[in-house]
Amino acid sequence: MSSHPAIPQSLRYNTAVPRRRMRLCAVALLAARLAACGGVSTPSPTPFSTLPLATASPAASPAPATATPTAAPSATLTAGPGGPVRVTPRRRLGRGQAFQTAWSPDGARLAVGTSLGVYLLETDSLDPVQFLPADGPVYVVGFSPDGRLLAGGGVSREPSSADLGQVWVWSLASGQISNTLAVGYWVNDLALTAVGAAGGRQLLAVGGLYPTPEAQVWDLASSEPLMTASAGLGAASVGASVALSPDGAQLAVGGSTDGVFIYNARTGELQRALTGLDAPVYDLAFSPEGMRLAAGGPNQAAMWDTVSWDLAQRLPAESPVWRVAFSADGQALAYNNGGSVQVASSLTGQPLRSLPASGAPLCLSFAPDGALRAADNHQVFGLDAAGLAVPARALSGFGEAVQGLAFGPNGRLAASELSALRLWDTGSARATQTWQVEAQGQPAISPDGRQVASGVCARMAADGRADCLQNVVRVWDADSGAEVRSLPAHTRPVSAVAYSPDGRWLASAGADGMVYLWEAATGRRARALAGHTQPVASLAFAPDSQTLASGGHDNVVRLWDVASGAARGTLSGSSAAVLSLAYAPDGALLAAGSAAPDSQLRLWRAADGSLLAALPGHLGSVQALAFHPSGRWLATGGAPSAAGPDDFTLRLWQLTADRTGAELIRALRPHAGAIFAVVFSPDGRQMATGSFDATVQVWEVD
């Protein structure tokens, strides 16, 4: 079975866009979704390291469902008279974001391509049995027919090839990478032959997406391409689909034009063009004995006889057919059809049975006994050998991009994802509450730890493509999970919420340029703070709760008197959006991080608003910022933007003795993606970082 990429679930609202346009759509959609946060992220990975040293990949080993211990060097900071401060990564919460799934030929394993690498799950329990690290996010996965190899396609993390595709091939016996192929384009599809099937050669077919939808066949013995095919593939808006015949002699290629093209897999000779399926072609599969070739396209599937190459069957569908799969004996074909998976006879095309599905599955496969298996990046379901539906089971531990964090007392940590808000217990590494909401921006925990607040999209447009129709601030009870109140807030997405240190006020900021102050006890809106001319991206209360700072895409920081709502002043100097803000614990300093290309950390004296320092260091946007409760040092998180390069680093700064500046002490790469959030626990003993890679890294501070 060939495997194909899918739009990450965090970007699923653009339902009208074909799933295999994932990498092209991801940048634009995430930019729009996180506009209020001031960041644009592309999923280029950076495994944990201390820069500029080379990074070490995690070992291939079982991974727990909720947290992965992180073996990495600690960072020791000399922090003035208080002595050295050491931060040590202790655990990773979550397994990253799931992009694609594939079943092993024997049905015993489910491979899940993620932002961190590939997890192999045991089919019955769905527990992880092996982790295969990669040098980047893995968007496409596929097994060889004999189950001995697994291939994954993604994007290299190397700065010199950040926009180039990479394919990794693992030997499942050893769990080690046997081949790394720099293919030069974003990968849309993969297909492997069995070891030795192609005249003693192990072949890998790769379908490209961007900048070219060409297809290639690689010889894994030499790690060199044997042939390149581009006929009929059209523009890069629809990538190339590929399938290798069981004997490895022929390559079938589909793309955006009307037809499937058959090539000699070793010489590249174009042998024939098959018609009968409207453009584009989304998926291809040879039957196990090689007598049929199936293709999925807009509202239909088709099958050809591979002896005569005549069109044998045309199967209508109610929706685009993204997936096709043959049974082990070649007698049945499964394909998605609207809200179900249809199983039809490959000889007559007559329907045999169907399986209700919540959406188009990311992979389809038949077990040797005839059971149908299906999975997306959230659940596993299927039909047993008797044709009875198997209850759907959730794929736990996989999340979405973490866009905000908030630490509360007693080790509670709120993490805002694009379609969930989780409350973690950092001691047990368990999510004690999960609210399935369309979370927006930076969340907050009340100072007493009893309530959790977040911006939420309360109503999406029916077609899933328009802006949110109702943006609210929701407050929940941290212990029971019950909703306390819902506050109709902004006309555009909520970018951040923050509690005042005295617990009296809850502030919200939005992409509509407004800042509101709410009475935390009653939910009454007490102040409307107007002044920003562009979306507001960040909020910070002064430690005495009397001043609120807001930073926006108008490149300024505005200061507000909390008691009256009056403007106290404006801090300028940034040439780009102000994405992150934090007051020093004693209230003497206000720090702000700017988007690229400004990319600077600025320190102002809070008493008079004078600019003390503008500190370079980040290459991309300074997306996150937090002072340690001691006030001696601070941490910043990096992200890319439309105007700057990738910078997925955690940077640690020590304040100068006179507190008029800060020195960059260390730069780390704890995540395989942009860092959207950095927070410290109130007691200063823990630090947490949240990332586009859908994980939270918890650090011990001593």
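FYI, the numbering just counts along the sequence from 1. What you see is a predicted model, and the numbers here were worked out from it, not measured in a lab. No hydrogens, no waters, no symmetry mates; every other heavy atom, side chains included, goes into these values.
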### Query
Taking all non-hydrogen atoms of both residues, which atom of Leu581 and which atom of Ser550 are closest, and how far apart?
CD1-C, 3.6 Å

### Task
Take Trp476 and Val437 through the test side-chain contact (heavy atoms from CB on, under 4.5 Å) and record every step on the way to the result.
CA-CA 12 Å; Trp476 296 271; Val437 295; 4.1 Å; yes

### Message
Please report the interatomic distance CG(Leu506) to CD(Glu519), rounded to the nearest 0.5 Å.
### Response
11.5 Å

### Query
What pair of heavy atoms forms the shortest contact from Val578 to Val556, and how long is it?
CG2-O, 3.9 Å

### Polar side chain donor-acceptor pair, Thr432 to Trp424, under 3.5 angstrom
no

### Query
CG of Asp586 to CG of Asp544: how many Å apart, nearest 0.5 Å?
11.0 Å

#### Entry: His671/Gln697 under side-chain contact (heavy atoms from CB on, under 4.5 Å): CA gap, chis, key distance, verdict
CA-CA 8 Å; His671 289 281; Gln697 177 70 55; 3.7 Å; yes

### Value rounded to 0.5 Å, distance of NE2 in His553 from OG in Ser495
7.5 Å

### Query
When rounded to the nearest 0.5 angstrom, what distance separates CG in Leu655 from CG in Leu589?
6.5 Å

### Task
Could you tell me whether the side chain of Glu417 and the main chain of Glu400 form a donor-acceptor pair under 3.5 Å?
yes

### Query
Are Asp693 and Arg92 within salt-bridge range, i.e. N to O under 4.0 Å?
no

### Task
Would you check, one step at a time, whether the test side-chain contact (heavy atoms from CB on, under 4.5 Å) holds for Ile675 with Phe692?
CA-CA 7 Å; Ile675 298 175; Phe692 181 87; over 6 Å; no

### Query
Which pair of heavy atoms, one from Val497 and one from Ala453, lies closest together, and at what distance?
CG2-O, 3.6 Å

#### Entry: Note: Glu700-Arg685 ion pair, threshold 4.0 Å (strictly below)
no

### Task
Check whether any side-chain N or O of His378 sits under 3.5 Å from a backbone N or O of Ser396 as a donor-acceptor pair, and report yes or no.
no

### Message
Would you compute the distance between atom OG of Ser508 and atom CG of Leu539 and round it to the nearest 0.5 angstrom?
### Response
7.5 Å

### Query
Which heavy atom in Pro409 sits nearest to a heavy atom in Pro682, and how many Å separate them?
N-CG, 4.1 Å

### Query
Do any N or O atoms from the side chain of Ser580 and from the backbone of Val622 form a donor-acceptor pair under 3.5 angstrom?
yes

### Donor-acceptor contact present, side-chain Arg558 to main-chain Arg568, <3.5 Å
no

### Message
Is any side-chain heavy atom of Arg602 closer than 4.5 Å to one of Leu611?
### Response
yes

### Query
Distance-only, no hydrogens or angles: does the His628 side chain make a donor-acceptor pair with backbone N or O of Gly684 under 3.5 Å?
yes

### Task
Quick one: do Asp477 and Arg485 satisfy salt bridge (Lys or Arg N to Asp or Glu O under 4.0 Å)? Show the steps, please.
CA-CA 10 Å; Asp477 184 278; Arg485 61 181 58 92; over 6 Å; no

### Query
Taking only residues two or more places apart in sequence or in another chain, which ones pass salt bridge (Lys or Arg N to Asp or Glu O under 4.0 Å) with Arg525?
none

### Task
Give the C-alpha distance, both sets of side-chain angles, the deciding distance and a yes or no for side-chain hydrogen bond (donor to acceptor under 3.5 Å, both in side chains) between Thr636 and Trp653.
CA-CA 8 Å; Thr636 55; Trp653 308 76; 2.9 Å; yes

### Message
Does any part of the side chain of Thr689, heavy atoms only, come nearer than 4.5 Å to the side chain of Trp699, both counted from C-beta?
### Response
yes

### Message
Could you check whether any side-chain N or O of Gln403 sits under 3.5 Å from a backbone N or O of Gly441, counting only pairs where one atom can act as donor and the other as acceptor?
### Response
yes

### Message
Tell me whether Thr533 contacts the main-chain N or O of Asp554 through its side chain, where contact means a donor paired with an acceptor under 3.5 Å.
### Response
no

### Message
So does Ala596 get a backbone contact from the side chain of Ser621, meaning a donor-acceptor N/O pair under 3.5 Å?
### Response
yes

### Atom CZ of Arg659 with >12 non-hydrogen neighbours under 6.0 angstrom
yes

### Query
Would you say the side chain of Leu548 lies within less than 4.5 Å of the side chain of Leu517, judging by non-hydrogen atoms?
yes

#### Entry: Full working for ring pair (Phe, Tyr, Trp, His ring centres under 6.0 Å) between His490 and Tyr516
CA-CA 9 Å; His490 298 266; Tyr516 295 114; 4.8 Å; yes

#### Entry: Side chains of Thr522 and Arg524, donor plus acceptor under 3.5 Å
no

### Task
Start with the C-alpha distance between Ser500 and Gln546, add both sets of side-chain angles, then the distance that settles side-chain contact (heavy atoms from CB on, under 4.5 Å), and finish with yes or no.
CA-CA 9 Å; Ser500 60; Gln546 296 182 22; over 6 Å; no

## Note on the structure
Distance col, row Gln451:CD vs Asp479:CG, nearest 0.5 angstrom, shows 10.5 Å

### Query
Does Ser115 reach the main-chain N or O of Gln97 with its side chain, forming a donor-acceptor pair under 3.5 Å?
yes

### Query
Please walk me through it: do Tyr119 and Phe398 pass ring pair (Phe, Tyr, Trp, His ring centres under 6.0 Å)?
CA-CA 10 Å; Tyr119 286 88; Phe398 301 101; 5.7 Å; yes

### Task
Answer yes or no: is there a side-chain heavy-atom contact under 4.5 Å between Leu590 and Val557?
yes

### Message
Quick one, Phe680 with Trp633, criterion ring pair (Phe, Tyr, Trp, His ring centres under 6.0 Å). Give me CA distance, side-chain angles, the key distance, then yes/no.
### Response
CA-CA 11 Å; Phe680 288 97; Trp633 54 283; 5.4 Å; yes

### Message
Please find the pair of heavy atoms, one from Gly94 and one from Thr695, that lie closest to each other, and give the distance.
### Response
O-CG2, 3.8 Å

#### Entry: Backbone of Ser574 reached by a side-chain donor or acceptor of Asp598 within 3.5 Å
no

### Query
Can you list the steps and then say if Gln686 with Thr426 is a side-chain hydrogen bond (donor to acceptor under 3.5 Å, both in side chains)?
CA-CA 9 Å; Gln686 294 186 91; Thr426 58; 3.2 Å; yes

#### Entry: Pairwise side-chain contact, Asn377 with Val112, heavy-atom cut-off 4.5 Å (strictly under)
no

### Query
Taking the six-membered ring where the residue is Trp, are the ring centres of Trp505 and Trp518 under 6.0 Å apart?
no

### Query
Got a salt bridge between Arg527 and Asp561, using NZ or NE/NH1/NH2 to carboxylate O under 4.0 Å?
no

### Task
Kindly give the heavy-atom pair with the smallest separation between Ala439 and Ser416, and that separation in Å.
CB-OG, 3.3 Å

#### Entry: Close side-chain approach of Trp435 to Ser454, heavy-atom, < 4.5 Å
no

#### Entry: Any Leu601 side-chain heavy atom under 4.5 Å of Leu634 side chain
yes

### Query
Should the pair Glu483-Arg474 be classified as a salt bridge under the 4.0 Å nitrogen-to-oxygen rule?
yes

#### Entry: Check: Leu421 and Thr434 side chains under 4.5 Å, non-hydrogen atoms
no

